Amino acid sequence: MKADSKKTKHSEYKKTIAALLVVIMVSAVLFMNLFTHVVTIVRYYGDAMEPALSDGQLLAVLQTDNVKQGDMVAFYYNNQVIIRRVICEGDNQIIIEKNGKVAVNGEELTESYVSDLSIGQCNIDFPYYVIPGHFFVMGDNRTVSMDSRLKEIGTVPQERIIGKVIFAI
């Protein structure tokens with residue numbers, strides 16, 4: 001009788017371990033898919049997004065096409081991932097004054113994330129029309145940021161956008 005009881009307990013133990021392994025494997029696959037197809041982890045380098053981001057921070061980027069003015073986005077530029085803030089969406093006009101104040105379609109933006117207003121590095125003429133399907137992006141640290149204010153970088157087409165930053169680690 002004791003042998004049957006041991007066999008039953010041993011069999012139940014094996015079933016429990018097998019079920020636990022299946023749960024772990026399924027969880028691992030789901031977790032990998034989440035971080036492959038939904039969220040991307042990137043490391044931010046530089047000082048263009050200070051004070052919001054610091055050099056070396058890890059960022060979680062939600063892969064989405066739904067980006068809008070004010071969002072911090074990750075995008076590809078010269079085979080590198082760059083983080084900047086969307087200032088103006090396509091089919092709009094932007095003006096940056098010499099003192100650094102920004103207006104979209106004649107309406108001045110309130111930019112609480114910017115500590116020092118500056119025209120910064122800029123070689124484009126204003127008013128500037130952003131073509132549909134593109135985004136005008138700028139760093140929060142306007143004095144040092146290289147962004148859409150430079151002809152060499154220009155606006156960012158939708159297809160180069162990875163997604164928007166949802167949190168920093």
Side-chain angles (χ1 to χ4, degrees), residues 30-169:
L30 289 173
F31 191 74
M32 288 174 56
N33 278 323
L34 172 70
F35 282 96
T36 303
H37 301 292
V38 179
V39 176
T40 302
I41 303 297
V42 299
R43 184 172 300 273
Y44 169 73
Y45 293 103
D47 55 0
M49 291 303 294
E50 288 181 355
L53 300 177
S54 301
D55 186 47
Q57 270 188 296
L58 288 176
L59 309 174
V61 177
L62 178 64
Q63 296 177 21
T64 180
D65 291 336
N66 185 22
V67 295
K68 59 186 182 315
Q69 183 179 1
D71 288 342
M72 258 192 277
V73 295
F75 62 94
Y76 291 108
Y77 175 74
N78 281 347
N79 294 322
Q80 292 182 334
V81 176
I82 306 292
I83 309 295
R84 296 293 185 267
R85 193 173 300 273
V86 173
I87 303 301
C88 181
E89 299 173 53
D91 204 23
N92 288 289
Q93 185 180 36
I94 185 169
I95 295 174
I96 303 176
E97 302 290 336
K98 296 268 187 241
N99 64 5
K101 291 189 180 192
V102 179
V104 175
N105 297 328
E107 187 174 322
E108 189 175 317
L109 298 182
T110 303
E111 299 181 288
S112 58
Y113 42 82
V114 177
S115 53
D116 286 325
L117 293 176
S118 169
I119 189 72
Q121 301 179 59
C122 182
N123 62 7
I124 62 172
D125 296 321
F126 295 103
Y128 186 87
Y129 176 74
V130 181
I131 62 174
H134 284 236
F135 297 92
F136 193 96
V137 298
M138 292 170 54
D140 291 355
N141 188 353
R142 302 285 164 81
T143 306
V144 300
S145 179
M146 297 175 68
D147 47 45
S148 293
R149 295 171 291 176
L150 295 170
K151 291 178 187 175
E152 297 80 10
I153 296 174
T155 58
V156 181
Q158 176 71 50
E159 54 272 4
R160 284 196 354 228
I161 301 269
I162 299 167
K164 61 182 168 181
V165 175
I166 52 175
F167 64 86
I169 302 169

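No experiment lies behind these values; they were computed from the predicted model shown.
- Atom CG of Leu109 sits about 9.0 Å away from atom CE of Met138, to the nearest 0.5 Å.
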Mind running side-chain contact (heavy atoms from CB on, under 4.5 Å) on Ile96 and Phe136 for me, showing each step along the way?
CA-CA 12 Å; Ile96 303 176; Phe136 193 96; 4.2 Å; yes
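- Between the CG atom in Asn92 and the CD1 atom in Ile87 there is a gap of 12.5 Å [rounded to 0.5 Å].
- If you take OG on Ser118 and CZ on Arg142, they are separated by 9.0 Å, rounding to the nearest 0.5 Å.
- For the pair Glu152 and Met146, the minimum side-chain heavy-atom distance is 4.5 Å or more.
- Across all non-hydrogen atoms, the minimal contact from Ala52 to Gln57 is O-OE1, 4.2 Å.
- With a 6.0 Å radius and a threshold of 12 heavy atoms from other residues, nucleotides or ligands, Tyr76 has its OH atom at or below the threshold.
- For Asp140, the side chain to side chain donor-acceptor pair (under 3.5 Å) criterion is met by Arg85, not counting sequence neighbours.
- Closest non-hydrogen pair, Lys151 versus Asn123, comes out as N-OD1, 2.7 Å.
- Asp71 places no side-chain N or O within 3.5 Å of a backbone atom of Val73 that could act as its donor or acceptor partner.
- Heavy atoms only, all atoms of each residue included: Gln93 and Pro127 are closest at NE2-CB, 2.8 Å.
- Separating the CG atom in Leu53 from the CG atom in Asn141 is a distance of 11.5 Å, to the nearest 0.5 Å.
- A heavy-atom distance below 4.5 Å is not found between the side chains of Phe135 and Gln69.
- Proximity of Glu89 to Val104: side-chain heavy atoms (C-beta onward) are nowhere separated by under 4.5 Å.
- Between Thr155 and Tyr128 there is a side-chain heavy-atom pair separated by less than 4.5 Å.
- For the pair Lys98 and Ile119, the minimum side-chain heavy-atom distance is 4.5 Å or more.
- Pairing each heavy atom of Ile161 with each of Phe75, the nearest pair is CA-CB, 4.0 Å.
- Of all heavy-atom pairs spanning Ser148 and Gly154, the tightest one is OG-O, 2.9 Å.
- More than 12 heavy-atom neighbours from other residues, nucleotides or ligands sit within 6.0 angstrom of CD on Glu159.
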Check step by step if side-chain contact (heavy atoms from CB on, under 4.5 Å) holds for Lys68 and Val86.
CA-CA 7 Å; Lys68 59 186 182 315; Val86 173; over 6 Å; no
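- Atom CE of residue Met49 and atom CG of residue Asp147 lie 9.5 Å apart, to the nearest 0.5 angstrom.
- A donor and an acceptor atom, one from each side chain of Asp91 and Tyr129, are located under 3.5 Å apart.
- Between Val61 and Gly163, the shortest heavy-atom contact is CG1-C, 3.5 Å.
- With rounding to the nearest 0.5 Å, the separation of CG in Asp125 from CD1 in Ile95 is 12.0 Å.
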